[in-house]
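Have a look at the structure below, then the notes.
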Amino acid sequence: MEEKYNPEHIELYWQDAWNREKTFAVHENDGLKKYYLLEMFPYPSGRIHMGHVRNYTIGDVMARYLRMTGKNVLHPMGWDAFGMPAENAAISHKTHPKDWVENNIANMKSQLKRLGLSYDWDREVNTSVPSYYRWEQKFFIEMFKKGLAYRATSAVNWCPHCTTVLANEQVIDGKCWRCSSDVVIQEKEQWFLKITAYAEELLKDCDTLTGWPERVITMQKNWIGKSEGCEILFPLDGMDEQLRIFTTRPDTVYGITFMSIAPEHPLIGKMVTAEQRDAVRAFVDRIKKGGTKNREIEIGEKEGVFTGRYAISPFTGGKIPVFVANFVLMEYGTGAIMAVPAHDQRDFEFAKKYGLGIKVVIQPDGESLDPAAMQQAYEGTGRMVNSGEFTGTDSERGKKLVIEKVVREHKGISKINYKLRDWGISRQRYWGAPIPMVYCDTCGIQPVPEDRLPVELPMDVNITGEGESPLARHEKFVHTTCPVCHGSARRETDTMDTFMESSWYFEKYTSPAAKDSPFDQRALAYWMPVDQYIGGIEHAILHLLYARFITKVLRDLGYVQCSEPFLNLLTQGMVIKDGAKMSKSLGNIVDPENIIKQYGADTARLFILFAAPPEKDLEWSDKGVEGARRFLDRLWRLVYKYAGRVQGFSGGALPNEDEASLTIRRLTHKTIKRVTDDIKDRFHFNTCVSALMEMLNSLYEMDEKGVGETGLPAFREALDTVIILLNPFAPHITEQLNRELGNPPLTSAAWPAYNQAFIRNTSATIVVQVNGKLRGQVRVPEDSDERTVFEIASADEKIQSYVSGRPVKRLILVKNKLLNIVVGQ
RNA sequence: GCGAGGGUGGCGGAACUGGUAGACGCGCCAGACUUAGGAUCUGGUGGGCAACCGUAGGGGUUCAACUCCCCUCCCUCGCACCA
């Protein structure tokens, strides 16, 4: 055994062994309980960063631990390889995206291997190869045939910098999620996936995701944004048109004092009166100029202008002025609303500004609202007043009754609205999966027949980054024949949003080699769903929602059997340096490769696991890394010192034990319990590591006092135990030390069990309080009762000084822990 | 504004169902071994001379509160004119 711990040497050795022997390859096995452990796969940007290291280390600890508990663990890794950076690199470095991506993958793969991550690399998936995306194209066509994929013109978010369309989810505060340039609105024809058809199920099933963090569920629910209400038709005075509005508060219809419509509302031109035409046009132009983005960001003051037109209330027959208002969104509901200033804060502000009427129609219990005195709208429930036939009704009941009336009289319909929109997946980009559709002048839009899939992305393209997608300029790609009439036709030249690839990669991992169908059905059924998914919080909405959606679609297409892909979700915190997220612009990046070079992968892993619990942000500390390394050095030294002396003792049955051996065993089994409890379902890896540090400290203390011959078997057991317990955290050094002690490999070892009998003490240290204040400690036989402990405590001089001469009113004993003596004055 | 999660030593963080607050690590102080040490080892380290005081602040429940209840303040994240 080497005297000094040399991480590079032993890490490379074991990594090579795991590689050669495919130690972590798994197969379906009905005799074993499966566990599918998955970390979000990376975009192959070229190098791994600390965020990756953290994400994948957390996953690796769980994978290695679970294997030791006898689970059949699927732990795969792959590459989310389509996407824009490859194209950008192609432009700036004059390389082909394919080469760039492949280089990056090779590089990052070796970096991941250098971390000692226990993946089954035989299942590696690269989303940019035809054998992967051909199935995605098949799914798309199947969705098209079921009406779940359709083509439509719509206002899209256009990023002028990336020259592409963005999904709503990809627009953050009016800016592109990737490059942060201002997003502009453009009309474009593109392909949509009908995620709204699954809105209700996606929402409802949130309640089954009990293993997800609350806040992620909330974000998802929020995003789906369900609201129940009704649509009501309001005839327009002097016109043969009706204004359709959506409301969730039908109970307040008698309180309408005006109506508001969006500046983009199609009826504006028709309904505006001659006198108001100029004012309305000026207003609409001004609002539109700001663009949707400005209206969304700047939550400015509510503004509007009268159209000159009145609507007729189907309830009271009264005339209601119609305004164009900046705060009404065309994209939601019907683009028109009824305004009830007394019971809606936005309407209230608008009414105050333009001196419009405020009519109270809901009275809260025990209060009387006075329109003139109101400072804000009352949006709660109560009793309906001034509401014709509904007066006196409870407002919650009133909602239903008004809807019933509206429906009965054909003046509207009951309606549920969602904020969720269909998913626009067309991208005017080259480096993505081609959308497998063909345009024929005689036969219209046709899917590419299955036997002609995949529609391969051509490699001979000229990427400039300007104007149309390179595919649109690729004559040979564009020209094709119609699958129906065999006449000449054009191919779709848009590619799919890359979120499409990441919406089913976890399913592909179950049978990466399947050739004639996307999955091996048996493997898919065996492994799915993912038991534990680990990744960054930044994917709380986009990726996770799409993945849930596509999984439900694949279920309905007959592939997957489960409805939800991810049983448990862990969102790990960021890696922070000097109080800020590591980033190029701040210059506070720590390169994992340097850390590994300097300290070794085990040290890097150990520090990351020790410095903070997984879900919290982690503050990087160079000094902390040194501390982690010091611990491993200490472990190495202790094993080095004893390796020779303990040879020949097996860790099994121990001979008649003396007091010293019992003490060592108590420590060993207590630590097994602590580490097991913390790793099992709490994922508190930081406290696992500190328990192991404590144990090592204690072993050093024992060493200091001297371990006699009779203590060696127990000491041997202790060393074996530290090593095996530490293995998921620092796999290389432990594997090495384990071999030095002559044990079989840890990759096929079982997680140790603790024996309660060894943890038991013969005596206990009891903390003694007098009136709740800590006054001393006594040692008593284990499991002593109240009286016994009290008597022993009373003998203690210090405690006596607090108790003597005062009546003892009560004794409270927490077994083997604490005694509280309650005394009078 | 709404929703979620937080506020504990100089720092990262422990304390799982109320029971010794500050485990473990970093830093710092002192000492040992040393030509030297940024190596290693040993001891100390919340504040206060003390009684005592201390888990953002203030109330409460309890024999006992970081932990439970009420109020207030602050921080982080997400959503935000969604009718």
Side-chain angles (χ1 to χ4, degrees), chain A residues 173 213-223 225-227 229 245-249 252 259-260 262 295-302 325-329 331-340 343-347 349-350 417-420 537-538 540-541 571 573-574 576 606-607 610-613 615-628 630-631 633-634 637 674 677-678 681-682 684 686-697 700-701 704 765-777 809-815 817-823:
Chain A
D173 286 338
E214 187 63 34
R215 61 179 184 144
V216 176
I217 304 257
T218 312
M219 281 190 226
Q220 295 245 328
K221 285 184 175 172
N222 226 316
W223 190 263
K226 178 181 183 176
S227 54
I245 62 100
F246 173 72
T247 182
T248 55
R249 292 297 303 270
T252 64
M259 316 274 284
S260 302
R295 244 165 82 208
E296 276 172 9
I297 321 167
E298 290 154 28
I299 310 160
E301 207 172 333
K302 290 168 185 48
N326 66 342
F327 67 92
V328 180
L329 307 172
E331 311 89 81
Y332 185 78
T334 61
I337 60 167
M338 62 182 216
V340 184
H343 304 294
D344 183 288
Q345 186 58 25
R346 293 156 301 180
D347 299 341
E349 286 167 31
F350 195 85
N417 263 327
Y418 298 91
K419 282 201 279 182
L420 183 70
I537 186 74
E538 64 272 20
I541 305 173
T571 50
M574 292 186 302
I576 302 254
L606 196 67
F607 167 71
F610 176 63
E615 66 281 1
K616 281 229 234 170
D617 285 350
L618 181 151
E619 173 78 31
W620 186 265
S621 153
D622 293 332
K623 290 288 186 186
V625 177
E626 285 172 27
R630 234 179 334 255
F631 168 69
D633 279 328
R634 271 161 64 77
R637 280 202 308 273
R674 280 179 69 186
D677 287 349
D678 280 356
D681 8 59
R682 300 208 304 155
H684 281 201
N686 54 334
T687 53
C688 291
V689 176
S690 69
L692 291 166
M693 287 174 165
E694 280 181 68
M695 176 160 171
L696 188 67
N697 289 345
Y700 264 96
E701 258 172 57
E704 186 84 3
T765 305
I766 299 254
V767 171
V768 183
Q769 297 181 337
V770 178
N771 284 351
K773 293 205 164 150
L774 180 67
R775 295 305 182 196
Q777 284 186 358
K809 293 193 349 199
R810 224 175 130 182
L811 292 175
I812 289 133
L813 180 79
V814 181
K815 232 190 200 175
K817 261 197 174 160
L818 173 144
L819 176 74
N820 190 6
I821 306 167
V822 185
V823 297

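First the proteins, then the strands, lettered A, B, ... as listed; each starts at 1. The figures that follow rest on heavy atoms only: side chains count, while hydrogens, waters and symmetry mates do not. Computed from a predicted structure; not experimentally measured.
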Study note, to complete from the structure: N222(A) meets the side chain to side chain donor-acceptor pair (under 3.5 Å) criterion, sequence neighbours left out, with none

Can you list, pair by pair, the side-chain donor-acceptor contacts under 3.5 Å of residues 686-693 of chain A, counting residues two or more places apart and other chains?
residue: T687(A); atom: OG1; partner: D678(A); partner atom: OD2; Å: 2.6
residue: T687(A); atom: OG1; partner: H684(A); partner atom: O; Å: 2.9
residue: S690(A); atom: OG; partner: T687(A); partner atom: O; Å: 3.1

Within the sub-3.5 Å range, which N or O atoms of nucleotides 44-50 of chain B have a protein N or O partner, and how far apart are they?
none

Check your understanding: Where are the stems of RNA chain B, defined as at least 3 consecutive Watson-Crick or wobble G-U pairs with both distances under 3.5 Å?
Key -> B:1-7 with B:73-79, B:10-12 with B:24-26, B:27-32 with B:40-45, B:56-60 with B:68-72

**Study point:** All side chain to side chain donor-acceptor pair (under 3.5 Å) counterparts of E619(A), not counting sequence neighbours
**Key:** none

I'd like a table of atom pairs between the protein and nucleotides 36-41 of chain B - only N or O on both sides, under 3.5 Å - with the distance next to each one.
residue: rU40(B); atom: O3'; partner: R637(A); partner atom: NH2; Å: 2.9
residue: rC41(B); atom: OP1; partner: R634(A); partner atom: NH1; Å: 2.9
residue: rC41(B); atom: OP1; partner: R637(A); partner atom: NH2; Å: 2.9

**Study point:** Set of residues satisfying side-chain contact (heavy atoms from CB on, under 4.5 Å) with respect to T765(A), sequence neighbours excluded
**Key:** Q777(A), R779(A)

Study note, to complete from the structure: Its contact letters, B for base, S for sugar-phosphate only and - for none at protein heavy atoms under 4.0 Å, make nucleotides 9-15 of chain B read ---BSSS

Check your understanding: N697(A): what forms a side chain to side chain donor-acceptor pair (under 3.5 Å) with it, not counting sequence neighbours?
Key -> R634(A)

Point to revise | Residues forming a ring-ring contact (aromatic ring centres under 6.0 Å, His included) with F607(A), sequence neighbours excluded | key: W620(A)

Practice item. State which residues pass side chain to side chain donor-acceptor pair (under 3.5 Å) with T218(A); sequence neighbours excluded, sorted by chain then number. Key: none

Review point. Any idea if rG48(B) is syn or anti, going by the 90°-from-0 cut?
Key: anti

Contact list (N/O, under 3.5 angstrom) for nucleotides 58-63 of chain B vs protein:
residue: rC63(B); atom: OP1; partner: R810(A); partner atom: NH1; Å: 3.1
residue: rC63(B); atom: O2'; partner: N820(A); partner atom: ND2; Å: 3.3
residue: rC63(B); atom: O2; partner: N820(A); partner atom: ND2; Å: 2.5

